[in-house]
Amino acid sequence: MVKSVPSTKEAYELFHKGALALQRAEYTGMRVDMEYCKRKKEELTIRIAELEQKIYESNFGKKWSRSIGGKRPNLNSNPQLSRFLYSILKLKPVRFTESGQPATDEEALSELDIPELDMLLEMRKFRKIRDTYLDAFMREQVNGYIHPFFNLHLTKTFRSSSDSPNFQNIPKRDKEATKICREALFPRPGHQFVSMDYSAIEVKMAVCYVEDEKLCYDVLHGDMHKDMAIELYMLDDLDKRHSGEAVLRQGAKNGFVFPQFYGDYYGNCVLNLLKWARQAYLKDDTPALVHLKDKELITLDKSGNVKKFDKFLEHVRKVEDQFWNVRYKQYSRWKDKVWYEYQKKGYIEMKTGFRCYGLMSKKDITNYPFQGTAFHCLLWAFVEIDRVFREHKMDSRLVSQIHDEITADILPEECDNAIKLMVRIATEDIRENWKWINIPLTVEVEKAEVDKSWGERKFLNLP
DNA sequence: GGAACTCGCCAC
DNA sequence: AAACGTGGCGAGTTCC
């Protein structure tokens, strides 16, 4: 049990003021288009039923039914699905869950290459949208507005959480899910949404703690994801404007750099890297997997699938070693230092004055400070923006916060001024308040048109 | 009939 | 030797 407390007056005050500012955002809330939700739910229900029907009528569905004594299979029951796939059909599970059961998640099912399972996955997606998001909006709305809670007392890291409904996990990556969910939410009539998010704030916090020259340089001037893609995939160079090579950079970023910073190891990373490589190709149209074969890192079978990758595994191990012991060696020393100090004192302390006590792993110790402190920057800006909006008697309001992002419901006449204030507070004023921020903070701003939903924000180029 | 659990999946 | 940080929540299942 990790027990955490604000240990300084300043830390206490941040959360005290933060709770009040967040409460005002909760009070304002977001408008829900109830008719839209109803309509979308009906559409989804039909699409789910169609998919269900197709699966029931297929040979796959009939076999499944026979295996449970002729009953209708429950397509939402993973234990039932698992018994059918892995005990009856004797398929080989690609992965096991934490508790040792064969996995039935998206990755495992799509690997089996059965059309009915792809339908089942699509059903799952539609159900998720309908039952987790649209239902929650309709259930939680009061007079047409949802008022999500933003909690400051629940996380180990001094981040926030949200519930009723959780406003911090609304789809943003899957295009269809994003559109359906976010187009249900609107600002107050005659207003427009503006949102502002910090760029790479967690790694910038790492720079503030660690004082690693190479990391600082990379964050400000370099491109570590490109560098790592070149090393990991053994490229001569990488052009991130080229769509095929951009995928390799993404692969290095999401398959190696981020997991490494969270504490993952090369054995998992190598699998991530291969997954990304499957859909990537080089400028001369060589598929990335063929390129890796040419470099003698992997071997391929006749259909072009990866057969052996032990050389690649060894290569990624070396890159990992280089990454921590050469490239970011000061970062590694910092980790050792805080680990030692935690063992001596029994707690860790953040720059913002919050302390985490209790049993923690080395990975925890070296992640919590960045995660917590990054959020504290956001919360400080949130408090200030809220204060200034009220001080200027503006009609604009803050309405939500997602760890490194703030969303505001803005009166159009106030829009330009509001954006100026928000950006200034988040990037300049904050550095006056916290002198230990030794690296420039930058934000990206998005703005929707008046009366447009949360799904229709457009990127705004700052002057 | 509800509590506690697992699994899967959404966000940062 | 093992190996990914922080949350919330819905559905199904099991246990009491």
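Letters A, B, ... are given to chains in the order of the sequence lines, protein chains preceding strands, and every chain is numbered from 1.
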Original post:
Does any donor-acceptor pair link the side chain of A/Gln168 with the base of C/dG7 at a separation under 3.5 Å?
Top reply: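 Answer is no: no donor-acceptor pair is held.
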
Original post:
What about A/Arg159, does its side chain sit under 3.5 Å from the base of B/dC12 through a donor-acceptor pair?
Top reply: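 Answer is yes: a donor-acceptor pair is held.
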
N-O pairing of [X] and [Y] below 4.0 Å:
X	Y	answer
A/Asp212	A/Arg333	no
A/Lys156	A/Asp364	no
A/Lys40	A/Glu43	yes
A/Glu428	A/Arg424	no
A/Glu42	A/Arg47	no

Original post:
Can a donor-acceptor pair be found between the side chains of A/Ser160 and A/Gln401 at a distance below 3.5 Å?
Top reply: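 There is such a pair between these side chains.
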
Would you classify [X] as touching base, sugar-phosphate or nothing, given that sugar-phosphate means primed atoms plus P, OP1 and OP2, and contacts are heavy atoms under 4.0 Å?
X	answer
A/Gly263	sugar-phosphate
A/Asp197	nothing
A/Asn367	sugar-phosphate
A/Pro171	sugar-phosphate
A/Ser164	sugar-phosphate

Original post:
Near DNA chain C, which residues from residues 69-81 of chain A have a heavy atom under 4.0 Å away?
Top reply: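 Of all residues in residues 69-81 of chain A, the ones placing a heavy atom under 4.0 Å from DNA chain C are A/Asn74, A/Asn76, A/Ser77, A/Pro79.
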
Original post:
In residues 100-135 of chain A, what residues come within less than 4.0 Å of DNA chain C, judged by heavy atoms?
Top reply: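 The stretch gives A/Lys128, A/Asp131, A/Thr132 as the residues lying under 4.0 Å from the strand, ordered by number.
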
Rounded to the nearest angstrom, tell me the gap between atom [atom1] in [X] and atom [atom2] in [N].
X	N	atom1	atom2	value
A/Lys175	B/dA11	NZ	C1'	20 Å
A/Leu271	C/dA2	CG	P	16 Å
A/His153	C/dT6	NE2	C1'	16 Å
A/Phe150	B/dA11	CZ	P	16 Å
A/Ile170	C/dC9	CD1	C1'	13 Å
A/Met205	C/dG5	CE	C1'	17 Å
A/Tyr368	C/dC4	OH	P	13 Å
A/Asn169	C/dG10	CG	C1'	11 Å

Original post:
Of all the nucleotides listed (C/dG5, C/dG7, B/dG8), which has the minimum atom distance to the side chain of A/Lys156?
Top reply: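 Within the option list, the nearest is C/dG7.
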
Original post:
Taking the side chain of A/Thr97 as its heavy atoms from C-beta onward, which of C/dA3, B/dC7, C/dC9 lies nearest to it?
Top reply: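 In terms of side-chain proximity for A/Thr97, the closest of C/dA3, B/dC7, C/dC9 is B/dC7.
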
Between [Y] and [X], is there a cation-pi geometry (under 6.0 Å to ring centre, at most 45° from the normal)?
X	Y	value
A/Lys345	A/Tyr347	yes
A/Lys344	A/Trp339	no
A/Lys351	A/Tyr209	yes

Original post:
Under the criterion ring-ring contact (aromatic ring centres under 6.0 Å, His included), which of A/Phe261, A/Trp334, A/Tyr262, A/Phe158 is the partner of A/Phe370?
Top reply: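 Testing A/Phe370 for a ring-ring contact (aromatic ring centres under 6.0 Å, His included) against A/Phe261, A/Trp334, A/Tyr262, A/Phe158 leaves exactly one candidate, A/Trp334.
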
Can you check whether [X] has a side-chain N or O nearer than 4.0 Å to OP1 or OP2 of [N]?
X	N	result
A/Lys172	B/dA11	no
A/Arg139	C/dG10	yes
A/Thr157	C/dT6	no
A/Tyr265	C/dA2	no

Subject >> Between C/dA3 and B/dC7 - P atom distance, rounded Å >> reply: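 Going atom to atom, P in each nucleotide, I get 16 Å.
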
Original post:
Any chance CD of A/Glu98 has more than 12 other-residue heavy atoms, nucleotides or ligands included, within less than 6.0 Å?
Top reply: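 No, the 6.0 Å shell around CD holds no more than 12 heavy atoms from other groups.
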
